[in-house]
Amino acid sequence: MKYISTNHGTHETTFKDAVLKGLAPDSGLYYPIEIPQLSEEFFVTFKNKKLHELGNYLMGLFSGDSIEKEMLQKLMKEALNFEIPLVQVEEDVYSLELFHGPTLAFKDVGARVTARLMAKFTSDYHSTILVATSGDTGSAVANGFLGIEGVDVVVLYPKGMVSEIQEKQFTTLGKNITALEVNGTFDDCQALVKKAFSDFEIRKKGHISSANSISIARFLPQMVYYFYAMAQLKETRKQIIFSVPSGNYGNLTAGLFAKHMGLPISKFIAASNINDVVPEYLKTALYLPKPSVQTISNAMDVGDPSNFARILELYDHNWERITRDLIGYSFTDKETIKTMSDMYKRTGYILDPHGAVAYAALKQYLVKNDAVGVFLETAHPAKFKDTVEEALSIKLEIPESLQATLKKKKFSIPMENSFKDFKAFLLGRK
Ligand SMILES: *Cc1c(COP(=O)(O)O)cnc(C)c1O
């Protein structure tokens, strides 16, 4: 399996090279030259496979000669060591609970696989992962790399701009994880990281890499839970629809890949908050990026989704073909809160604001269509405790693992928004 760039300005390269580079040299996203087709035999046996076995099989198709079979198997088993249950919430409607990993959000799936692949591909030398975060990515990446030998992680985050839960999830880990509390915004943090990559002295001192969300190592493993959900679903003659709460569209694009490999999902729903460039594109055929607006489903506050380029590539930029497989809906915060509250009153099921957007979109689709629907619950409601408690007028139970994290002492290094200081910090480390 080889990879090209969505900008078509580079040569084909290997899986390993694409993982290590992250972004292609022409600033495009890496993309496999072909989508592997699964055999009938696969579909006879896949229902009995464990999550990590499915993950291993699928990643084996995409990683080519870059990694030995036994190594990949071991790595996927370590990475996918938590459950992803499919929970029925009402007739023909299921919640795929992607929040049972260590940081209680679906990003654990991609981040845990990425960490192990990067550690394997850089095993000849020590490397440092730089990651700027506005909250969730930092914790998933830091936890993914925690305790992995030969790799250090430096998380940069904007002081006072992440929630207490998010902050504790990456400032209490210790070991190979260091958190820098930057007196600036998320954009400032991102700019510092970018600048470090183009700094000769920093690069000379040691290997630095990123674990950016556009990396194929984070994007591809997400295919696994679409297969895993289909394996858990009861036999049905009805069409099957997946509704995906979307920001950068990595999650949804992985689902589209699964469909193109032969998984019998009829349609996907792009569910968004008022940052609705993709639902608008699906309606009008015009893609008009705009600055992001803050909402209560803040992991989806994206005005120019990076993975959109991969969707275009998958459908040869053909809007008609895209809209055959994909339909979009968007919701305001008010509608999201009402959805959470109605669902709780009716069924007792607690949605987080992101899952609520996906559920609302699915229900809208099911008004006019008879189908079985699965919506992706991408975060544990406790991660958005204040919003959820206010919407439902209840006191939420906090999972034990999270309670333990909240009790730990925060450790971070304060830093001004200054490249000089950041550089001195990186060069001064052992
Ligand atoms: C990141 C995130 C999303 C959006 O996922 P994309 O792959 O960027 O579309 C949705 N929900 C939660 C909880 C997230 O953390």
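Excluded from the calculations below are hydrogen atoms, water molecules and symmetry mates; all remaining heavy atoms, backbone and side chain alike, are included. Both counts, for ligands and for their atoms, begin at 1 and track the order of listing.
- Qualifying side chain to side chain contact (heavy atoms under 4.5 Å, CB included) partners for Ser306, counting only residues two or more places apart in sequence or in other chains: Ile214, Asn248.
- Among Asn248, Thr103, Asp352, the residue whose heavy atom lies nearest to atom 8 (O) of ligand 1 is Asn248.
- For Tyr226 and Phe242, the distance between ring centers is under 6.0 angstrom.
- Some N or O of Gly250 is nearer than 3.5 Å to an N or O of ligand 1, by distance alone.
- Closest protein heavy atom to atom 15 (O) of ligand 1: Lys107 NZ, 2.5 Å.
- Side-chain atoms of Ser66 never come within 3.5 Å of backbone atoms of Gly64 as a donor-acceptor pair (strictly under, hydrogens ignored).
- Those atoms of ligand 1 that come under 4.0 Å of a heavy atom in Ala379, given as number and element, are 13 (C).
- The aromatic rings of His354 and Phe384 lie tilted to each other, with the angle between the two planes from 30° to 60°.
- Under a 4.0 Å criterion applied to the non-hydrogen atoms of Asp136, ligand 1 contributes the atoms 15 (O).
- In this structure, Pro245 counts as a contact residue of ligand 1, since one of its heavy atoms falls inside 4.0 Å of the ligand.
- The existence of a salt bridge linking Asp342 and Lys338 is confirmed by a sub-4.0 Å separation between a basic side-chain nitrogen and an acidic carboxylate oxygen.
- Looking only at heavy atoms of the protein, atom 11 (N) of ligand 1 is closest to Thr378 OG1, 2.8 Å.
- Regarding atom 7 (O) of ligand 1, its nearest protein heavy-atom neighbour is Asn251 N, 2.9 Å.
- Nearest to atom 4 (C) of ligand 1 among the protein's heavy atoms is Gly247 N, 3.6 Å.
- In summary, the aromatic rings of Tyr31 and Tyr3 are positioned with their centroids too far apart to meet the 6.0 Å limit.
- In this structure, atom 5 (O) of ligand 1 lies nearest to the protein heavy atom Phe106 CZ, 3.4 Å.
- Under the rule for a ring pair (Phe, Tyr, Trp, His ring centres under 6.0 Å), Tyr94 has no partner lying at least two apart in sequence or in another chain.
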